[in-house]
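All remarks here apply to the structure that follows.
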Protein chains: 2
Amino acid sequence: MKRPANASRGIQDVLRAQNISGQSLSECPVRQVLDQIGDKWSTLMLLSLSEKPYRFGELRRLIPDISQRMLTQTLRDLQRNGLILRTVFPTQPPSVEYRLTPLGESLLEPLGTLVRWAETHYGRIQSARRHFDGKADAA
Amino acid sequence: MKRPANASRGIQDVLRAQNISGQSLSECPVRQVLDQIGDKWSTLMLLSLSEKPYRFGELRRLIPDISQRMLTQTLRDLQRNGLILRTVFPTQPPSVEYRLTPLGESLLEPLGTLVRWAETHYGRIQSARRHFDGKADAA
DNA sequence: CAGAATCCATACAGATACTG
DNA sequence: CAGTATCTGTATGGATTCTG
């Protein structure tokens, strides 16, 4: 069958390693990564840059519903975490290119795993929600 | 080498499938999944329940720094999305058991991939941050 | 072009008190 | 025991205006 026994094992090891019942939640590596990719735009940004490097304005056009504030902020966070590289070309007017670092590229693989899971199981989530909301209405 | 060319390919397909430049961001499967696992407690909850089913109070003791409000809310969201199953035993006083559904268990694998990535690359993220913050201070 | 700065609404999350 | 209800502070994120 598809019991993910080994995955579960690995996770439990991590749980223990992180001392889940301790106070080190904010410094937990898993939490830090989730805080980054869990925000509204980081994932989309990483996936976009996985295609090729982009400039600020290009990213803006590529993801029309991001505000310029959030674009700046997301890019800065990703840069701070070493996931993307920011290169300023001293032209006039200035142009800035963003590209994935090797570290950023290495994140594409776990991210891809997640993306494929989402694609595959989306329908089940949807129907679970309808069922849950339906029962809630009945009550 | 370790160029994740295939992962990148898959991601690009997903990007196109999601019509990234369209308006369907809020209904994007990937986004919905990230909204769930990206919140503060869901991942910890799923990982905890991957070990074995737990009751409300047990979870509370297992994760001491979660507030009871967030525990309730996180569990309800996970239940709504079909990732965990809530079973009420009509005892006195009542006891409620939470356990992963098969759907929830299937999420452990992509989650494990992410967790392992975080573990492996945590050091590089940390040093990238120090470097970034150091340069920011200098300016 | 690529941003910084400011203002503002809402979402998220903790503390506390109460209930079947 | 397993929650709900309320109140409140903080973080998130959008709109708008301004700058090298």
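These numbers were taken from a predicted model, which means no experiment stands behind them. Worth knowing before you read on, the calculation uses all heavy atoms, side chains too, and leaves out hydrogens, waters and symmetry mates.
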*A:Q92 has an atom CD; how far is it from atom P of D:dG20, in whole Å?*
13 Å

*Closest nucleotide among D:dA2, D:dG14, C:dG14 to the B:R86 side chain*: D:dA2

*To the nearest Å, how far apart are B:D35 CG and D:dT12 P?*
14 Å

*Would you indicate, yes or no, if C:dA4 has its OP1 or OP2 atom less than 4.0 angstrom from a side-chain nitrogen or oxygen of A:R76?*
yes

*Nearest to the side chain of B:W41, which nucleotide is it out of C:dG14, D:dG14, D:dG3?*
C:dG14

*Atom CE of B:M70 and atom C1' of D:dA11: how far apart are they, to the nearest Å?*
13 Å

*May I ask you to say what A:Q68 touches in the nucleic acid, namely base, sugar-phosphate or nothing, with a heavy-atom cut-off under 4.0 Å?*
base

*At under 4.0 Å between heavy atoms, what does A:R55 touch on the DNA or RNA strands: base, sugar-phosphate, or nothing?*
sugar-phosphate

*Over how many whole Å does the gap from B:R61 atom CZ to D:dA2 atom P extend?*
8 Å

_Under 4.0 Å, heavy atoms only, any strand: does B:Y98 hit a base, just the sugar-phosphate, or nothing?_
sugar-phosphate

_Check ion pair A:R99-A:E97 (N to O, under 4.0 angstrom)_ = yes

*In whole angstroms, how far is the P atom of C:dA11 from the CD atom of B:Q36?*
18 Å

*asked:* Assuming nearest nucleotide by heavy-atom distance, tell me which of B:V96 and A:Q73 is located more 5' along DNA chain D.
replied: B:V96

*Specify the separation, in whole Å, of atom CG of B:L71 and atom P of C:dT16.*
18 Å

*Where each residue is assigned the nucleotide of DNA chain D containing its nearest heavy atom, which of A:R69 and B:L75 is assigned the position nearer the 5′ end?*
B:L75

*Write down the distance between CZ (A:R60) and C1' (C:dG3), rounded to a whole number of angstrom.*
10 Å

_Would you say A:S42 and A:D39 are linked by a side-chain donor-acceptor pair, where the criterion is simply a distance under 3.5 Å?_
yes

*Can B:V30 be reached from A:Y122 by stepping across I, L, V, M, F, W or Y side chains whose heavy atoms are under 4.5 Å apart?*
no

*asked:* In this structure, how many angstroms lie between the C1' atom of D:dG13 and the CZ atom of B:R31, rounded?
replied: 13 Å

_A:K40 side-chain proximity, nearest of D:dG14, C:dC1, D:dG3_ = D:dG14

_Within one Ile-Leu-Val-Met-Phe-Trp-Tyr cluster: A:F89 and A:L85, side-chain cutoff 4.5 Å_ = no

*Are B:I63 and B:L71 linked, directly or through other ILVMFWY residues, by side chains that come within less than 4.5 angstrom of each other?*
yes

